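A quick write-up on the structure given underneath.
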Amino acid sequence: MAGPLNWFSQIAAVTKFGLMSIPQRRGSVAATIFGVAGVVLVFVGVLSIATGFRRAMTASGSPDAVIILRSGADTEMVSGFSREETRVIADAPGLARDARGPLASAELFVIVNLPKRSTGTDANVPLRGVEGAAISVRDDLKITAGRMFEWGKNEVIVGVGAARAFDGLEVGGSVKVGSAHWPVVGVFTANGGVAESEIWTDARVLQDAYHRGDSFQSVYARLASPNSYQSFKDALTTNPRLNVKVERQSEHFAEQSTALTTLITTLGFLIATLMAVGAVFGALNTMYSAVASRTREIATLRALGFGRGAILVAMMIESLLVALVGGAIGGAAAFLAFNNFHAATMNWQSFSQVTFAFAVTPALLGQGIAWATAIGLLGGLFPALQAARLPIAAALRET
Amino acid sequence: MKFFPLIWRNLTRKKLRTSLTLLTIMVAFVLFGILCAVREALVGGVALAGADRLIVRHKVSIIQMLPESYQARIARIPGVAAVTHQTWFGGTYQDPKNFFMQNPVEPEAFMAMFPEFILPPEQMKAWLATRTGAIVGRKTAERFHWKIGDKIPIMSPIWLRKTWEFDLVGIYDGAKKGTDTTSMFFRYDYFDESRQAQNWGAGQVGWYTIRVKDPAQAAEVAKLVDREFENSPYETKTEPEGAFAQGFANQIGNITAIVSGILAAVFFTILLVTGSTMSQAIRDRIGELGVLKAIGFTNGRLLSLVLAESCLLTVLGGGLGLALAALVTAGGDPTGGMLPMFRLPGSDVLVGIFISLALGLVTGALPALQAMRLRVADAVRRI
């Protein structure tokens, strides 16, 4: 009686034979390995764009950081407040305070054209006018080079992403707004968040330069505690003097990233699916030729008493191993080529550039390996079935 | 041609292997077709841009407006044949997700500037007679099932923050295949009167389009326009329509590079798979090739037989794949508004056929050389 141990040793033996015969078929095996590697590389590469973009958009904002816009406005671009309105908002209950008053910054959001370093053509770079509380209403905003701009002066500080992506944005450089050059005096980081794509200056300075009178577009604020969100929101939305909507900063930016991440993810899956279909055909070809070249060997084993199941499993294992090697190569190549690759793209909602870094995450690599596994299993199944079903007598006679 | 039956028989001798290879190649070309359509959707505007048109915008950024009074000053600049303006309205129909562009324009000047939009004369007449009239492109009209005579409510969060109502008086078509027919245009006089009534942004327009008398002079006219408004509160930046569209596409990223990168990975993969199959197929038949040589086939003939076989396979797969891609992309924009120009251009189909031929030559080259170099005695002994 063939016990389970015997069965496993049969599988091990057939698998070993199979793997040992790989050097004889190295051409087609290599083709399969690189085929699978190609699928995983492209899949992980494309999706790392979406992951990186989403990460940049959602890195901004702990649960107590909120943004207030005019009701009906999806983005700061189409929102608008007068100074009185921003004062009413800042005075609402539930906001955190420091020595200078409530932690609320009324801000102006416009764009300025600057050449992108990668293409040399003009891009819409976000230019933000802020008030004193701007740094404390955001998470982990730090000046890493130079200094903060002086209030009331035509000076700017730039996010590290913007400094990397656009021409002239380094300490000592300058931004041309109208006929004036505004010197860049500092560079800041914001925990990888969307603020890193922006240029900041004093809101009042920006109001003058853009002929905006005494108006703003949004208010960024920090709550006394995450729990006061609902009461703060209710206080503002029921105030007859205001017509606003309140959102957590994290939710606001996550919402803005949905369209692009969905588009990229869909495209990534479509490409990967089509490529995977191609790779499955490649794997099928390889395994069929493996079975064909080993027909007599398999028939001999069967004649010696090896079971159909053992042959089947062993062939599947071989196919799976080949695919996994391909998957590992593809994943490693994607990580080396794309992880932390800096790019900038258009955020259509705010009509301005967002800088981000491609992110090859462990989850993404896991998905890539899952693709490789699926290709290996699908590509191995039919040839393995064929091998297991070989009629022994006829197969022994084959040349 | 008389060897076609031989080539065909060779291909069909192992039907499973051939069909699998064929399917692999086909899949690669479906992907090629779809990616070309995506690229076309994102950068296609560049090729469609009029060579004799310039775009004038605010120098600091396109979101800043220019005075309407610039129109007359631009018209007086030497080399300018015509000028008209548009303004970003940024409205939404029912749901913010239903994105399409709506711009207030001066109907007659606008239609003269953009001959790629074709509107039946009686609809043009109706537009000129209806102050609240609007025209819309065929694609958007079909998307929302609008008919002439419908009242279209558009909510604008920018302009007066109210819902504007327009009377649909015309539906325009594109003169060329790639012309974007998703936008809606309505009358600037109606738009500006409403702004005047609310004392909000009246007399401000988004950007100007200029037609130059001689396309060769375009760069100089652009310089003259920018010089005209130098040191004014509203300085301008003037560039050819094509450069403007290219710059806009570059804002998304280097799309051509990304698409080429993906396609390179795809074709490299396919090259490996097909190449290894072809070598395998030739190796299986070394004996026969030896016999062919023995009965007088020349080296050159054997080479071309093998190459013809691999090219037949790849061109067949490529053709099927491109046909399937054409079918898939014929449905138009799959995202509902984000990619209005999603289509597979004929030139890319030609490139695809060329690539499939090249793929056949490259994958067939090694096995064909092997076949050519066979020594009859060695080959026949293998039988």
Side-chain angles (χ1 to χ4, degrees), chain A residues 27-32 34-35 37-39 41-42 45-46 49 70 72-74 77-80 110-113 116 118-125 127 176-179 209-211 259 263 266-267 270-271 274-275 277-279 281-282 284-286 288-289 343-346 348 351 353, chain B residues 16-17 19-28 30-31 34-35 38 57-64 90 96-97 99 155-158 161 230-231 233 235 237 239 243 246-254 258 261-262 265-266 268-270 272-277 279-280 334-335 338-339:
Chain A
S28 68
V29 172
T32 308
F34 284 109
V39 177
L41 173 71
V42 170
V46 172
I49 303 176
R70 170 174 292 272
D74 283 339
M77 210 64 164
V78 295
S79 171
V110 298
I111 56 182
V112 62
N113 276 89
K116 215 170 179 170
S118 62
T119 58
T121 47
D122 272 5
N124 299 349
V125 183
L127 171 56
K176 193 163 187 292
V177 181
S179 48
Y210 274 66
H211 314 284
L263 182 68
T266 314
L267 209 57
L270 177 77
I271 296 170
L274 285 176
M275 280 187 82
V277 172
F281 294 147
L284 279 174
N285 252 343
T286 307
Y288 271 127
S289 63
T345 191
M346 186 83 147
W348 290 101
F351 202 59
Q353 295 278 315
Chain B
L16 182 69
R17 180 163 70 194
S19 0
L20 287 176
T21 314
L22 200 65
L23 285 172
T24 316
I25 299 169
M26 197 177 103
V27 163
V30 171
L31 205 48
I34 292 176
L35 285 174
V38 170
R57 61 167 169 83
H58 194 292
K59 189 174 185 179
V60 174
S61 76
I62 189 143
I63 63 164
Q64 277 150 292
K97 288 195 182 75
F99 174 80
M155 159 70 202
S156 174
I158 308 175
R161 303 204 169 112
E230 221 167 15
N231 297 320
E235 289 193 305
K237 172 160 181 173
E239 56 192 339
Q246 183 67 59
F248 212 78
N250 284 347
Q251 295 226 36
I252 305 170
N254 198 340
I258 294 171
I262 295 175
V266 172
F268 181 68
T269 310
I270 299 306
L272 284 175
V273 174
T274 320
S276 88
T277 313
S279 324
Q280 184 70 38
T335 58
M338 283 176 74
L339 304 172

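Naming: A, B, ... by sequence-line order, numbering from 1 per chain. Worth saying up front: this structure is predicted, and the values here are computed from it rather than measured.
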Look at the rings of A:Phe351 and B:Phe248 and say which category their plane angle falls in: under 30° parallel, 30 to 60° tilted, over 60° perpendicular. tilted

So among B:Thr24, B:Val266, B:Val27, which one has a side-chain contact (heavy atoms from CB on, under 4.5 Å) with A:Met275? B:Val266

For A:Ile111, is there any backbone N or O sitting under 3.5 Å from a side-chain donor or acceptor partner on B:Ser61? yes

Could you state the interatomic distance from CD1 (A:Ile271) to CD1 (B:Ile262), rounded to the nearest 0.5 Å? 4.0 Å

Pick one of side chain, backbone, both or neither for A:Ala123, based on which atoms fall under 4.5 Å of a heavy atom in chain B. both

Applying a strict 4.5 Å limit to non-hydrogen atoms, the region of A:Ser79 in contact with chain B is backbone

If one checks every heavy atom of B:Ile62 against chain A at 4.5 Å, the contacting part turns out to be both

Gap separating the CG atom of B:Leu16 from the CG atom of A:Leu284, nearest 0.5 angstrom: 7.5 Å

For salt bridge (Lys or Arg N to Asp or Glu O under 4.0 Å), just list the numbers for A:Asp122 and B:Lys59, CA-CA rounded to whole Å, side-chain angles, deciding distance to a tenth of an Å, and then say yes or no. CA-CA 11 Å; A:Asp122 272 5; B:Lys59 189 174 185 179; over 6 Å; no

Where is the tightest heavy-atom contact between A:Asn124 and B:Gln251, given as atom of each residue plus distance? N-OE1, 2.9 Å

About how many Å separate CG of A:Leu270 and CG of B:Leu35, when rounded to the nearest 0.5 Å? 8.0 Å

Checking A:Val112 against chain B: side chain, backbone, both or neither under 4.5 Å from a heavy atom? both

When the 4.5 angstrom heavy-atom criterion is applied to A:Phe34 and chain B, the contacting part is both

Cut-off 4.5 Å, heavy atoms of chain B, and the answer for A:Val46 is side chain

Heavy-atom contact with chain A under 4.5 Å, split by part of B:Thr274: neither

Is there a side-chain contact between B:Arg57 and A:Asn113 in this structure, where contact means two heavy atoms from C-beta onward sitting under 4.5 Å apart? yes

Counting heavy-atom pairs under 4.5 Å with chain A, the top scorer among B:Gln246, B:Glu239, B:Lys237 is B:Lys237

Verdict with supporting geometry, A:Phe281 and B:Thr21, side-chain contact (heavy atoms from CB on, under 4.5 Å): CA-CA 7 Å; A:Phe281 294 147; B:Thr21 314; over 6 Å; no

Check against side-chain contact (heavy atoms from CB on, under 4.5 Å), B:Gln64 and A:Tyr210: CA-CA 8 Å; B:Gln64 277 150 292; A:Tyr210 274 66; 3.0 Å; yes

Would a distance-only check, ignoring hydrogens and angles, find a side-chain to backbone donor-acceptor pair under 3.5 Å from A:Thr345 to B:Ile252? yes

Below 4.5 Å from any heavy atom of chain B, which atoms of A:Leu127 appear? Answer side chain, backbone, both or neither. neither

Return the option, out of B:Val30, B:Leu31, B:Ile158, with the maximum number of heavy-atom pairs under 4.5 Å with chain A. B:Leu31

Against chain B, work out which of A:Asp74, A:Val177, A:Thr121 has the most heavy-atom pairs shorter than 4.5 Å and name it. A:Thr121

